[in-house]
Structure formats: C-alpha cells, structure tokens
Number of protein chains: 2
Amino acid sequence: MTLPTRKSGTIPGATVARLPIYHRVLTSLAAQGVTSVSSEELAVACGVTAAKLRKDLSHLGSFGTRGVGYEVAFLSYHIARELGITKSRGLVIVGMGNLGRALASYRAFVARGFHVVGVFDRDPRVVGTSFINGTESLTVQAIDELAVTVAKSDAQIGVITTPGESAQDVADSMIAAGLVSILNFAPVVLAVPENVEVRKVDLAVELQILAFHEHSLDESDQSDLPRVGIA
Amino acid sequence: MTLPTRKSGTIPGATVARLPIYHRVLTSLAAQGVTSVSSEELAVACGVTAAKLRKDLSHLGSFGTRGVGYEVAFLSYHIARELGITKSRGLVIVGMGNLGRALASYRAFVARGFHVVGVFDRDPRVVGTSFINGTESLTVQAIDELAVTVAKSDAQIGVITTPGESAQDVADSMIAAGLVSILNFAPVVLAVPENVEVRKVDLAVELQILAFHEHSLDESDQSDLPRVGIA
DNA sequence: TAGATTGTTAATCGATTAACAATC
DNA sequence: TAGATTGTTAATCGATTAACAATC
C-alpha cells in the first residue's frame with residue numbers, strides 16, 4: 001500500500017473554482033455526522049455530475065477508495081489544504097457604503113475562514129465611526145492607514161466596495177501596501193501588475209445575465225403564440 | 001447597402017456573460033461624449049482581447065464599419081436589446097440581513113436598469129419595518145405576500161439573501177409566485193424546475209479562490225528559497 | 001487608391017462527458 | 001468471489017486565439 005500522492009503540476013482554473021463548493025458541502029456533511037460519501041452522492045449535493053467531480057478530485061491526488069467512496073473528513077482536509085484555507089486569512093475592506101458595511105459584518109466570511117482586520121473609507125465623515133461585526137468592534141480608518149494596518153495584521157486579501165471612480169486608486173493603495181489578491185465589487189476593470197490576482201464580482205452584471213434569460217423567454221413566448229391570419 | 005442583420009440562433013453562454021460589460025463601458029464612453037470606438041479600444045477598456053470582442057459581437061450581427069469601428073450609441077443599443085435591458089426590470093429581495101438591506105439600497109442596480117419592487121423577511125420582528133432606498137421607502141413584507149406583490153408589480157427576478165437553511169423554501173415560494181429567474185446568494189444548491197434559471201453568487205467562494213492564489217504564492221516562495229545543505 | 005479595421009475562418013486550447021479498467 | 005465505485009482514458013464539446021480576406 002502506498003500513501004495517497006498529491007499530484008504535481010497545476011490545477012485547472014475551472015476545478016479550482018469548484019473546490020470551495022466541494023469543501024463547503026463536505027463540511028456540512030461532517031456536521032451532520034456523515035463519515036463516508038460516494039462521488040455520486042457528493043456530486044448531487046454540489047450540483048455537478050459525478051464524472052466532473054471525480055475528474056476534479058483526480059487533479060489533487062487519489063483520496064478515495066474504489067468500491068467504497070471518500071472519507072468525508074479526509075477529503076475535506078485535503079481540499080482545504082489545496083485551497084490554502086487551513087488557516088484563517090485576513091481581509092481589509094475599502095469603501096464603507098451599504099455593500100462594504102454588509103460585508104464587514106458578513107457572518108459567512110468568518111464561518112468560511114476569513115476575518116476582517118480593517119475597514120477603510122475616503123470620506124472624513126465616515127472615518128472614525130465604529131460598528132460591531134460579530135464579536136468585535138471595527139473603527140473605520142482613513143485609506144492612508146492601509147499600509148500600516150496591512151503590515152501589522154496578517155491581511156492578505158483586499159476587498160474593494162467603493163464606487164467605480166475611486167476603485168483604481170484604492171487598488172493602487174492596496175498593491176502599494178503589499179496585497180496581491182483583490183476582490184473587486186466596483187464596476188471597473190482594474191489595471192494591476194501581473195503578480196496581482198483580481199477577481200471581479202459585478203452584481204448588476206449578474207442581474208443583466210438573468211435579464212437575458214427573461215428576454216429569451218419573452219421572445220420564445222411570442223413565437224409560440226398562435227398567429228392570427230390566413231390558415 | 002443592406003441593413004445590419006441580427007444573427008439567428010443562440011448566443012454562447014460565455015458571450016452572454018460578457019455583453020453586460022461591453023454595455024457598461026459603452027454607456028460610460030457615451031457619457032464622455034465618445035461617439036466612435038474601435039474593437040481594440042473597446043476591448044482594452046473591457047479587459048478582453050480585441051479578437052474575443054469581435055467574435056462576441058459577431059454573434060449578435062454586424063454592427064461595425066470596416067476601416068472605421070463601431071458607433072458607440074448604435075452598438076450600445078443593440079447589446080441592450082439583445083440582453084433585454086431596454087426596459088427596467090423589477091426585483092424582489094428576500095432576506096433582510098446585512099446583505100439584503102445593502103442590495104435593496106444598492107444604487108448600481110437602478111443605474112443599470114433594475115428597480116426593487118418588494119423586500120421580504122421571515123422574521124416577524126423585521127416585517128413592517130421600513131427603510132429608504134434612494135427616492136422611495138420600502139416596507140419589509142412577510143413572505144406570504146410574495147405572490148401578491150409579484151403579481152401586482154412587474155417583478156421578474158428574485159434575489160435570495162437568506163441564510164442557507166431557508167433558501168430552498170424561499171426559492172419554492174418565488175417559483176410558486178411565478179418567478180423564473182433567481183439570483184441566489186445563499187451557499188446552497190437550489191433544486192428548481194428546468195425552466196427556472198438560477199445564478200449563484202457565493203461571496204465566500206470568491207475569497208477562497210483568492211486564498212488559493214495566496215497559497216500558491218506561499219508554495220512557490222518556499223521552493224524559491226535557497227536550501228541550506230550540501231552544495 | 002492606400003490605410004485601417006471589421007467579420008470570419010481555421011487552428012488551438014481547455015473543459016466536459018461517457019465509458020471502463022482497476023481495485024477495494 | 002461478486003458488487004460497487006474510483007481514477008483514468010478517449011471522445012466530444014465549447015471557447016479562445018491568430019490570421020486574413022473583405023471592405024469601408
């Protein structure tokens with residue numbers, strides 16, 4: 001018998017994007033006391049096909065047992081290890097509008113291994129105000145203080161929740177402060193050095209993609225309608 | 001000379017997902033008084049390659065002029081038309097926690113052609129409370145009232161911002177109320193009939209994908225380190 | 001006409017799927 | 001051994017890219 005071997009080489013992007021889902025479902029199964037799961041069962045719970053799930057996992061190594069399935073805790077640990085979420089990672093959030101304040105208090109972040117180490121805003125009227133996020137109280141800081149806070153804490157990810165106009169300036173400040181991972185909610189394309197990874201979430205874009213779905217239905221409704229005319 | 005012809009057939013999903021970006025950038029260019037743009041210029045502003053942009057647009061029809069470029073207003077209109085965002089679409093939001101309240105007041109939604117027609121929560125202590133979103137005041141309703149509100153208004157899209165435990169129930173209520181487009185922020189896979197389109201946004205997943213990036217850097221840092229030993 | 005840029009073609013790349021040999 | 005399920009292979013599918021003929 002050989003120890004499970006971690007595959008060398010890189011993991012496809014599409015696979016990386018699904019690993020967090022697998023991890024969350026496995027965590028949930030473990031909480032329910034489930035100790036073993038087949039690729040078919042796990043796939044259904046994750047909303048993917050069993051073939052895709054097994055293919056994804058095959059990029060990490062060989063963590064299942066043929067004829068049996070996967071041990072929930074074991075697989076969960078190896079996915080967490082691969083994702084680098086075995087330790088909690090620090091966030092800074094810049095832009096304390098509605099969305100920024102909501103994210104600063106978002107309980108799912110803590111539940112999934114992140115902690116907010118600082119919140120920032122450009123507006124002097126907002127700087128210095130405090131609010132409660134879960135257990136601790138956060139005081140809004142000026143953006144000048146970003147670099148010092150990032151250095152003092154172990155912050156690794158910057159979240160931008162400003163309007164589009166300020167987003168590039170904020171990104172520049174984050175990069176100057178040493179951050180190389182940015183989650184950008186502002187509807188602008190950020191220019192960053194190539195060692196910096198930006199993920200963009202545009203909530204209005206998500207709605208517009210759904211609007212396309214609605215619109216497609218409208219059109220097919222029309223062509224499905226019986227046409228009045230010469231028969 | 002022939003009129004620009006709209007292509008028949010379906011538009012690839014990857015293209016549909018980028019059309020809102022093109023539309024937003026075109027809107028921004030128009031606001032700056034730019035009337036004409038080349039695929040190269042537009043692509044840079046959108047963060048894609050010119051080849052990809054032209055390929056995407058080719059699925060909608062032929063709206064450019066060879067040797068010249070695209071007329072901003074003309075192209076913008078045709079993308080909006082394709083996406084079905086020439087008219088404002090109504091949203092209902094269920095789950096008035098931090099995220100739900102933030103989205104209910106999110107100005108970018110109105111700016112991009114959506115309006116909130118109702119907000120809902122399960123908690124009787126929250127039902128009946130009001131808050132201001134831009135110009136109007138919204139009163140939180142009980143989920144029982146969802147169907148009536150959807151029927152009375154022109155709501156077409158349901159947004160779920162509840163905890164995971166309630167999300168499936170909420171989705172069922174939305175579908176019963178006649179909604180077929182759902183934006184789901186709860187970290188669960190919703191079971192829905194196949195005529196219903198669900199888009200899932202998991203904010204913690206976005207962070208976890210960035211954590212993978214951080215983690216990859218950690219690993220390459222280590223292998224880059226000079227190793228002490230027999231040389 | 002000469003220069004520029006589109007729209008399309010063909011090649012490449014990556015992701016998905018189905019099937020099955022390996023093996024518990 | 002018989003039944004079950006993984007991990008892998010090969011085929012398919014869809015998306016991206018580069019190059020260029022069409023044409024303003």
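Each chain gets a letter, A, B and so on, in the order the sequences are listed, and its residues count up from 1.
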Taking DNA chain D as the partner, which of residues 39-55 of chain B come within under 4.0 angstrom of it by heavy atom?
B/T49, B/A51, B/K52, B/R54, B/K55
Report the base-pairing partner of D/dA10 (Watson-Crick or G-U wobble, both distances below 3.5 angstrom), or none.
C/dT17
Could you tell me the Watson-Crick or G-U partner of D/dT23, where both distances fall under 3.5 Å? Say none if there is no partner.
C/dA4
Kindly indicate whether the side chain of A/I182, heavy atoms from C-beta on, has any atom under 4.5 Å from the side chain of A/E197.
no
Check: A/F74 ring centroid to A/Y77 ring centroid under 6.0 Å:
no
Measure the distance from [atom1] on [X] to [atom2] on [N] and round it to the nearest whole Å.
X     : N      : atom1 : atom2 : value
A/D56 : C/dA18 : CG    : P     : 15 Å
A/F74 : D/dT6  : CZ    : C1'   : 14 Å
A/H78 : D/dG7  : NE2   : P     : 12 Å
A/L75 : D/dT5  : CG    : P     : 16 Å
B/L19 : D/dA15 : CG    : P     : 13 Å
A/L57 : D/dT6  : CG    : P     : 9 Å

Counting distance only, does the side-chain N/O of B/S216 pair as donor-acceptor with the main-chain N or O of B/F212 below 3.5 Å?
yes
Any sub-3.5 Å donor-acceptor pair from B/R89's side-chain atoms to B/A155's backbone N or O?
no
DNA chain C nearest-nucleotide lookup for A/T65 and A/P12: closer to the 5′ end is A/P12
Tell me whether the side-chain N/O atoms of B/Y70 come closer than 4.0 Å to OP1 or OP2 in C/dA4.
no
Determine: side-chain N/O of B/S62 to OP1/OP2 of C/dG7, distance under 4.0 Å, yes or no.
yes
Using a strict threshold of under 4.0 Å (side-chain N to carboxylate O), is an ion pair present between A/R112 and B/D202?
yes
Record whether the side chain of A/R66 comes under 3.5 Å of the base of D/dT6 through a donor-acceptor pair of N or O atoms.
yes
Residues which pass salt bridge (Lys or Arg N to Asp or Glu O under 4.0 Å) with A/R54, listed by chain and number, not counting sequence neighbours:
none
From A/D56, A/T15, A/T27, residue fulfilling side chain to side chain donor-acceptor pair (under 3.5 Å) relative to A/Y22
A/D56
